[in-house]
Amino acid sequence: MFSKILIANRGEIAVRIQKTCRRMGIRTVQVFSEADADMLAVEMADETVFIGPPPASESYLVQDKIIDAVRKTGAEAVHPGFGFLSENPVFARRLQDEGIAFIGPNPGAIEGMGDKIQSKLTAIEAGVSTVPGSTDVISDEKHAVAVAEEIGYPVILKASAGGGGKGIRIAYTRDEVIEGFGSVQDEARGAFGDDRIFIEKFIESPRHVEIQVLGDKHGNVVHLFERECSIQRRNQKVIEEAPSPLLDQKTRMAMGAQAVALARAVNYDSAGTVEFVAGQDRSFYFLEMNTRLQVEHPVTELITGVDLVEQMIRSAYGEKLPFAQEDLKIDGWAVESRIYAEDPYRKFLPSIGRLSRYQPPAEGTYQGAAGTYVVRNDAGVIEGDEISMFYDPMIAKLCAWGKTRADAIDGMARALEDFHLEGVGHNLPFLSAVMDQERFRSGKLATSYIKDEFPDGFHGLPPTPFQLDVMTAAAVFAQRMAIVRSLGGHGGRDEWTVMVDRQARPVRVLPVESGIEIELTAEDRVLRLEGCDWRPGKAVFRASLDGREFTAAIRPAAQGFEIRHRAADARVLVLAPRQAELMAKLPERQPPDTSRMIVSPMPGLVVSLEVEVGQEVKSGETVAVIEAMKMQNIIKAERDGVVKAVGPKAGDSVAADEVLVEFA
Ligand code: ADP
Ligand code: ADP
Ligand code: MG
């Protein structure tokens, strides 16, 4: 076996690969950029090599620097992780020429699958079902319309070189084809330096189902069943699971066989993923093959017990696969939530900053209310880390495994409650919302899920009756603790009015041995809060309510608390009854009028500011371009107006909500 491997990546995937190396007794070399000097993967590695400035184009993507680092440290192999150089056939070939093993497929396989038109042709030849359409390169708008009309609307225009959800446009009409053709071509030229476009049928209400394959250098290829990744925003996955609630055994085996046939057709000899788009009727069509480890590989590991990174290393070393297809079985169900530094309340825009609190739930086996579940958390951050604008904004991948899908989802919901982050915007409330939605639990997924369920954007979920009780009980407990601290030993009055988002609930507090009982006097019910160790100053509130364990996030606010349980949050006030009566008579405060301002939806860098003072601007016109985390955001005017003032200029950094342009 190799004695030393260099990891040409960063963050959570670098940590993930190192864990397997350590278990296999292989020494690790971790490369790092200036922005990553303190990252967990650097701390864990046996050796480290500095490779340059923060931008990936000057560090992680520079082949010479990686190869120099290999030579300097005497590593025998390189694991590229995903992204960066993982699907670059030139890099794979250079390593081969230098006698360094690439822990991934042979360069020919990467080349054969690197291009969407080429891979579709290979798939057709291998007998794989592909999306109806054409593999012709579209020459101009007229050609595009002719092909689209032959296929029948709706169609999807795709850049052959596309990836990461870029270079894709759906068209329902002739006009949309004409418009889409130009913009996809521009986007593809800019992002990939290759403007070849092709057109295929758009499968309506589609689901994303993919097959994990694994090959060795002896001609053996197996599949490790499917993952479903239909919960996507901007054509990018956020929640994945294995197996898929859509498939039956027959479809699973047919899809698996096609994926293996395709892998064989390109002599595939490592871990890879064949992606399909599936209809609700279980029809399925090949999309593309990713010739690398996939972000969501942990869910497959959880249901098969196979360590995919270990198998990639063994295949690269020349070992034979230790199992045949019939040795592989699905055990239970696993769900993954990608925890991103992004703001779900603002169209999932990336957020940056210092991770001042990072408290994930402990990994291991838990006894849930219904069944047992296992928590796995793949992360590469430590408390105090900076989430910078240079790299992918993923903070962690939280996985839960259970015997059944319901157990896995319940486990995930609890684990998400127990995940605590501060300092950056994050999508924990969004992930929690999905776990609590009846549609997700019933398995009726589609790639349009987020758009269907949150048509006006994400605003959290209204509290359920249980959550109202959680908020009421937690606020009363917290208020009493605060009073005990300031008055010394006395918890204040016994009768209060709790206001949850202006809804009044009179309560009477009855202290009991193990916690408190709260009588809801208007409803004739008693809540029993037990096992609570909360103290003023803590942001996490753990206890059980009527025997059910929960964790809520809590922070002090004027006269009360802001409390979030899963996707529901509210301002909760604990008032003397008389004070509550007065409060109910006060008019609700109106938010300030900001319709005259255009503000930055996220922190980032101003690429351009396209208007000046005195200029007349029409609704829909671009006023600025802001960049953060590899994403350019075009900020448009939402009404007509004359510019009265502009805030920043090109090259400035801006904070979220900073005013860019003010109208007269
Ligand atoms: P796909 O959606 O095509 O299946 P994945 O969801 O597996 O792709 O994500 C792979 C992509 O995620 C990479 O191509 C890269 O852009 C991005 N990515 C995520 N995390 C990292 C990371 N730590 N380093 C580099 N790229 C990353
Ligand atoms: P990328 O390389 O960016 O990952 P893919 O070809 O894998 O591009 O497509 C990304 C996503 O777009 C898929 O996960 C799927 O949701 C959607 N998609 C792609 N092609 C089709 C199609 N023909 N019909 C419906 N949805 C599609
Ligand atoms: Mg894809």
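Note that ligands are numbered from 1 as they come in the structure, with each ligand's atoms numbered from 1 the same way.
- Among residues two or more places apart in sequence or in another chain, the side chain to side chain contact (heavy atoms under 4.5 Å, CB included) test is passed with Ala8 by Leu6, Ile66, Val78.
- Within ligand 2, counting atoms from 1 as listed, the ones closer than 4.0 Å to a heavy atom of Gln232 are 14 (O), 16 (O).
- At least one heavy atom of Lys158 lies less than 4.0 angstrom from ligand 2.
- Salt-bridge check for Glu12 with Arg16: failed, with every basic side-chain N at 4.0 Å or more from each acidic carboxylate O.
- Listed by atom number, the atoms of ligand 2 under 4.0 Å from Thr447 heavy atoms are 16 (O).
- Between the side chains of Ser33 and Tyr391, at least one donor N or O sits under 3.5 Å from an acceptor N or O.
- Applying the 4.0 Å criterion to heavy atoms of Gly162 picks out, from ligand 2, the atoms 2 (O).
- Counting heavy atoms under 4.0 Å from ligand 2, residue Ile156 touches it through the side chain alone.
- For Tyr153 and Tyr172, the gap between ring centers reaches or exceeds 6.0 Å.
- Which parts of ligand 2 touch Asn235 is read off a 4.0 Å heavy-atom cut-off, strictly below it: atoms 12 (O).
- Not a single heavy atom of Gln236 sits closer than 4.0 Å to an atom of ligand 2.
- Using a 4.0 Å cut-off between charged nitrogen and carboxylate oxygen, Lys329 and Asp331 do not count as a salt-bridge pair.
- Applying the ring pair (Phe, Tyr, Trp, His ring centres under 6.0 Å) test to Phe430 and every residue at least two apart in sequence or in another chain returns Phe348, Phe454, Phe458.
- With respect to the salt-bridge test (charged N to carboxylate O, under 4.0 angstrom), the residues Arg207 and Glu228 qualify.
- Between Lys116, Glu210, Glu275, it is Lys116 that holds the heavy atom closest to atom 8 (O) of ligand 2.
- Considering backbone and side-chain atoms together, Ile203 places an N or O closer than 3.5 Å to an N or O of ligand 2.
- Here Glu288 contributes OE2 and Glu275 contributes OE1, and at the Mg ion (ligand 3) these two atoms make an angle of 90°, given to 10°.
- Taking the charged nitrogens against the carboxylate oxygens, Arg169 and Glu176 have no contact shorter than 4.0 Å, which rules out a salt bridge.
- Taking a cut-off of under 4.0 Å to the non-hydrogen atoms of His208, the atoms of ligand 2 that pass are 13 (C), 14 (O).
- Every atom of ligand 2 is numbered from 1 in the order shown, and the set under 4.0 Å from a heavy atom of Phe202 is 24 (N), 25 (C), 26 (N).
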